[in-house]
Visitor: 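Below: one structure in C-alpha cells.
All figures in this text were calculated on a predicted structure; none of them were measured in a lab. First the proteins, then the strands, lettered A, B, ... as listed; each starts at 1.
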Number of protein chains: 2
Amino acid sequence: MKAKKRTTIYDIAEKLNITASSVSRALNNSSHVNEETKKLVLKTAAELNYKRNILASNLRKGESKTIGIVVPRINQNIFSNVIAGIEETTYSKDYNLIICQSNESHEKEVKSVNALINQHVDCIVISVAAEGSDYSHLQNVIDHGIKLIQFDRVADDLETLKVLNDNHQASLEGITHMIEQGYKRIALLEGPQNLDIFRQRKQGYLEALKLHNLPVINELIIENAWTKELGADATRKLLNLPEPPDAIFASTSDFSALGVLEVATSMGIKVPSDLGILGYSNEPFTELTSPSITTIDQFSHYMGKTIANLYFQESENKESPIVPRTISVKPKLIIRASTSRRSYQ
Amino acid sequence: MKAKKRTTIYDIAEKLNITASSVSRALNNSSHVNEETKKLVLKTAAELNYKRNILASNLRKGESKTIGIVVPRINQNIFSNVIAGIEETTYSKDYNLIICQSNESHEKEVKSVNALINQHVDCIVISVAAEGSDYSHLQNVIDHGIKLIQFDRVADDLETLKVLNDNHQASLEGITHMIEQGYKRIALLEGPQNLDIFRQRKQGYLEALKLHNLPVINELIIENAWTKELGADATRKLLNLPEPPDAIFASTSDFSALGVLEVATSMGIKVPSDLGILGYSNEPFTELTSPSITTIDQFSHYMGKTIANLYFQESENKESPIVPRTISVKPKLIIRASTSRRSYQ
DNA sequence: CTGAAAGCGCTTACAG
DNA sequence: CTGAAAGCGCTTACAG
C-alpha cells in the first residue's frame, strides 16, 4: 500500500455531515458536545483509521508535549537509567522524549540544545559535556521560555532546577570508610575540575583526610584520569612512585576504577590487601570483577523519576515563575571486596 | 525572564519592510533571493534571536524529520548502542529521534507505535517486545505511509526493511567451537520461541550437534531461561540432573550466562574445565567475570549506522516503492576463558 | 450543543 | 527577485 493522504478531521466531518469544529470537540472529549455526536465521531474515526496530527495540534495550542534530553552518552549506566526513569513517568502523560547525545563535545551540545529549541520542546533536561565552560546556550533555553532542568553534571552558576547527588557527602563517606579499613596513603584520580561534580568529590576527599588528620599529598592527586585508559596510566605512575599509595579513589567513574584494578592485578599487587580501590557510579560490572569494586550508587533511575515529577509539578502552576532550586538525591556507598581488608562478608 | 512571545518570520519581515515570503526564502537559502536581502534577513534573525518553528515548517511540508525508535529497554547494551549508532548518523542531517521503550510489554509497544504515528514521524525503527504475536500495529505503520525498519527482534511475517544478525550462523559457530573444545553434553537455555532470533539460535545449536553426530537430549533444553535469575534457576536444575551437562549455551543473553556462571561457581563446579559457558551479545561485563565469558558480538553500533543509512537511502528515491529486504550483519564469536579448556591465549 | 471564522508559523506555487 | 494568497491540520473564542 503506498503512502496515501491521511484521514483528517475534515474527512470525518464530511462523512457525518457536521463541521470540523464538532469533530475536534468530540475527539477532545469536550463537555460541550452531544453524546450521540461524540459516539458517531469516535466510531467513524476508528473506521477511517484516523490519527490526530499532533504537529498541527501542538502548533495551534502552542505546546509540544515533548521533553528534550541532552546527555554526554546514552550508553552509560547513569544516563540510560535516568532516561529510563524519565520515560516511565512521562509515558503515562503522553509526552514524547527527544534524546540527543553530546559525546562530551561542547559544540555538539550547543547544536543539540538549539535543535531542541527549534523543536519547541516544553522542557530541556541536560547533563553537560565535560568540554566547555560557556553556558549561554542554556541561558538561551530559559530566554525562550522553555523549562530547563539540569542533573548530575550542572552549570552551577546558572540558576535553574537541578537534580543532583550529594557528591561531597558520598565522597566523604567513601574515604572515611577507606581510612577505617586502615588505608593511609589514599590517591585521588580527579575528573575535569570545570565540572562541579568532580570538584565536590575532591572536596569530600580533602575533608575526610583532614577529619582524620591525614596529610594531603600532592603527588597522589592525578588530574583528568577519567576513562579506563587514563585511570590505568595514572595507576602505573602512582604505583611506581618511591612511596606508592595504599589505596586509590577513582572519583571520576567505575571505568577509571577498572583501569586501576587491571593495572594493579597485572603488576601482581593484591587488592584489597596491598591496594584499596574505590570507584564511582555503581556500574553493573563493579559487582563482577575480582575482587568486586566498592563504589557509590547514584540512584540514577530514581533521579530520572524525580526529574520528570519536578517538570510536571512546575507545569501545573503555569502562572507563577519557576523558583530555581536543587533537589539532592543521597547516593549510597556500596562496600565490596576492593576496600575490605579488615572484613568482608 | 518570563515566557514571552517568540520571534517569527513576520517580526523579521516587519522590521525589514519586506514580506514573510522573502524572509522564509532567505532563511531557507533559496536561490531566488537577492544576496543583500539574504544577508539582512540573516543578520536581523540573529539579532532578534529567531528560532524557526519546526512544527509549523514540518506541518506545511508534510514531513517531520523525526525518526521514532521503539526498543524493549534502552539500558541494554545492544539497544543503547544501536540508538547511539542511529543518532550519530541522523544528527548530521538534522533529524530528531524520539525514543520509546516497551519494557517487553506488547501493550506498551502498541501504544508507543501509535503515539509515533500520531507524531507523524517519517520512520519507525523497532525491535519488538518478547510478549505478543499480533503485529497489526506494525502493519498500521506501513498503511500510514511511514517507513518501517525492524532490527534484531523482528516480526518475520511482515515484509519490511530488516537489519539483522545471522543468529543461526553465530550459534552454529559457537557450538562448533564448544564441541571442538571437547564438550559433549551441551545444554541450551532458550528464549521465547515466538521471537525468531531465539528460534534461529536454537536451529544453529541443533545443526551443530547434528553435524558432529551428537544426540539432541531434550532434558538439556530449557525453555524461557532468559534473565539472570531464570538462567540461574535453569542451571541449578541442569547441574542436579543424574547426567548433568558439561556445557551450557545461554542463547538468550549474557545476563543469563552470568546466572549460569554464578550458580556453577557457588556449587564449586569449575569453569571451563567441568563446565563450559557460552553467552550472547558481548555485554561489557563478559570480559570482566572470572573466568571471562565466551560470547557473540552483534556489532550493535554498526547495526545502528546501517539502519540510519538504510532509511536515508530509501528516502532519496521517493517515487519508487520500498522493496522489503533484509540486511544481515555478521556477528562474531568472541572466544574467552569460559569455553577454553584446551587452550586460551 | 453546533457552526463559521480566525489563526498557530511556516512554505510554495503563482504572478509580476 | 519579490509579493499576495492559500494551505498544512488542528483548536478555540465568538455567536447563535
Side-chain angles (χ1 to χ4, degrees), chain A residues 3-42 44-45 48-66 94 117-122 144-145, chain B residues 3-42 44-45 48-66 94 117-122 144-145:
Chain A
K4 56 176 187 216
K5 198 180 155 307
R6 293 200 187 188
T7 308
T8 70
I9 53 173
Y10 288 96
D11 299 321
I12 300 175
E14 194 176 10
K15 186 149 187 181
L16 294 177
N17 244 326
I18 56 178
T19 59
S21 318
S22 295
V23 175
S24 174
R25 278 190 282 258
L27 255 20
N28 286 301
N29 213 4
S30 155
S31 52
H32 297 285
V33 63
N34 186 306
E35 272 304 319
E36 273 308 299
T37 319
K38 192 184 288 185
K39 268 183 204 153
L40 262 165
V41 168
L42 259 30
T44 313
L48 298 178
N49 202 6
Y50 170 78
K51 306 274 173 190
R52 169 186 317 193
N53 187 330
I54 301 281
L55 267 62
S57 169
N58 288 342
L59 176 60
R60 177 57 229 258
K61 292 198 286 188
E63 66 172 25
S64 69
K65 281 208 168 194
T66 300
D94 284 332
I117 296 177
N118 286 357
Q119 199 73 20
H120 278 221
V121 296
D122 294 331
H144 276 91
Chain B
K4 55 172 188 218
K5 199 180 153 309
R6 292 199 187 188
T7 307
T8 70
I9 54 172
Y10 288 96
D11 299 323
I12 299 174
E14 193 175 12
K15 187 148 187 183
L16 293 177
N17 244 326
I18 55 179
T19 59
S21 319
S22 296
V23 175
S24 173
R25 279 189 282 258
L27 255 20
N28 286 302
N29 212 3
S30 156
S31 51
H32 298 285
V33 62
N34 186 305
E35 272 305 320
E36 273 309 300
T37 319
K38 192 184 290 186
K39 267 183 205 152
L40 263 166
V41 168
L42 259 29
T44 313
L48 298 177
N49 202 6
Y50 170 78
K51 306 275 172 190
R52 170 185 319 196
N53 186 331
I54 301 281
L55 266 60
S57 169
N58 288 342
L59 176 60
R60 176 56 229 258
K61 290 198 285 189
E63 65 171 28
S64 68
K65 280 208 169 196
T66 300
D94 283 331
I117 296 177
N118 286 357
Q119 199 73 22
H120 278 220
V121 296
D122 295 330
H144 276 90

Visitor: Give the rounded distance in Å between these two atoms: NZ of B:K51 and C1' of C:dC8.
Guide: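 It works out to 20 Å between those atoms.
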Visitor: For A:L40 and C:dT2, give me the distance from atom CG to atom P, rounded to whole Å.
Guide: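 Whole-Å distance recorded here is 11 Å.
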Visitor: Across all strands, who's sitting opposite D:dC1 as a Watson-Crick or G-U wobble pair, both distances under 3.5 Å?
Guide: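 Base-paired to C:dG16.
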Visitor: So what does B:N28 hit on the nucleic acid, given a heavy-atom distance under 4.0 Å: a base, only sugar-phosphate, or nothing?
Guide: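 Sugar-phosphate, backbone atoms only, no base.
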Visitor: Return yes if some donor-acceptor pair links the side-chain N/O of A:T44 with the main-chain N/O of A:I12 below 3.5 Å, else return no.
Guide: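 Looks like no, no N/O pair under 3.5 Å.
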Visitor: Please compare B:H120 and B:S21 by the position of their nearest nucleotide in DNA chain D and report the one closer to 5'.
Guide: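 Its nearest nucleotide being more 5', the pick is B:S21.
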Visitor: Evaluate the side-chain proximity of B:R6 to B:N53: yes if any heavy-atom separation is below 4.5 Å, no if none is.
Guide: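 No, every pair of side-chain atoms sits at 4.5 Å or beyond.
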Visitor: Taking the minimum atom-to-atom distance to the side chain of A:N53, which one of C:dG9, D:dC10, C:dG3 wins?
Guide: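 Nearest to the side-chain atoms of A:N53, counting from C-beta on, is D:dC10.
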Visitor: Quick one: which of C:dT2, D:dC10, D:dC8 gets closest to the side chain of A:R52?
Guide: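 From the listed options, D:dC10 comes nearest.
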Visitor: Nearest 0.5 Å please: distance from the CG atom of A:L48 over to the OG1 atom of A:T8.
Guide: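 The distance works out to 9.5 Å.
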Visitor: How long is the line joining CD of A:Q119 and P of C:dC8, in whole Å?
Guide: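 Rounded to the whole Å, the gap is 20 Å.
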Visitor: Looking at C:dG9, D:dA5, C:dT2, which one has an atom nearest to any side-chain atom of A:L59?
Guide: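 It is C:dG9.
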Visitor: Could you state the atom-to-atom distance from CD1 of A:I9 to P of D:dT12 in whole Å?
Guide: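 Going from A:I9 (CD1) to D:dT12 (P), I get 11 Å.
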Visitor: What nucleic acid atoms does A:L55 come within less than 4.0 Å of, heavy atoms only: base, sugar-phosphate, or nothing?
Guide: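 A:L55: no heavy atom of the nucleic acid under 4.0 Å.
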Visitor: Using a cut-off of 6.0 Å, state whether more than 12 heavy atoms not belonging to B:K15 lie near its atom NZ.
Guide: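 For B:K15, atom NZ is not crowded (no more than 12 foreign heavy atoms under 6.0 Å).
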Visitor: How long is the straight-line distance from CD1 of A:I9 back to OG of A:S21, given to the nearest 0.5 Å?
Guide: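 Answer rounded to 0.5 Å: 7.5 Å.
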Visitor: Whole Å only: how far is the CD1 atom of B:I12 from the C1' atom of C:dC10?
Guide: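 Rounded to whole Å, this separation is 12 Å.
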Visitor: What's the closest nucleotide to the B:T8 side chain, out of D:dG3, C:dA5, C:dG9?
Guide: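 Nucleotide nearest to B:T8's side chain: C:dG9.
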Visitor: Name the closest nucleotide to the B:N34 side chain, picking from C:dT2, D:dC1, D:dT12.
Guide: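 Looking only at side-chain atoms, B:N34 lies closest to D:dC1.
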Visitor: Send over the distance from B:K61 NZ to C:dC10 P, rounded to a whole Å.
Guide: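 Answer to the nearest Å: 12 Å.
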Visitor: D:dT2, D:dG9, C:dC10: which one has an atom nearest the side-chain heavy atoms of A:A56?
Guide: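 Comparing D:dT2, D:dG9, C:dC10 against the side chain of A:A56, the answer is D:dG9.
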Visitor: Ignoring backbone atoms, establish whether A:S57 has a side-chain N or O less than 4.0 Å from OP1 or OP2 of D:dG9.
Guide: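 Checking A:S57 against D:dG9: no side-chain N or O falls below 4.0 Å of OP1 or OP2.
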Visitor: In whole Å, what is the span from the NZ atom of B:K65 to the P atom of D:dC8?
Guide: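 Atom NZ in B:K65 sits about 22 Å away from atom P in D:dC8.
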Visitor: Rounded to the nearest 0.5 Å, what separates atom NZ in A:K39 from atom CD in A:E36?
Guide: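 So the NZ of A:K39 and the CD of A:E36 are separated by 5.5 Å.
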Visitor: Could you tell me how far apart B:N17 (CG) and D:dG3 (C1') are, to the nearest whole angstrom?
Guide: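 Distance check: B:N17 CG to D:dG3 C1' gives 13 Å.
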Visitor: Between the base of D:dC8 and the side chain of A:Y10, is there a donor and acceptor pair under 3.5 angstrom?
Guide: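 When only heavy-atom distances are counted, A:Y10 does not reach the base of D:dC8 through any donor-acceptor pair under 3.5 Å.
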Visitor: So, is A:S22 close to the C:dG3 phosphate, meaning a side-chain N or O under 4.0 Å from OP1 or OP2?
Guide: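 Result: yes.
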Visitor: When you measure from the side chain of B:Y50, which nucleotide among C:dC1, C:dC10, C:dG3 comes out closest?
Guide: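 From the listed options, C:dC10 comes nearest.
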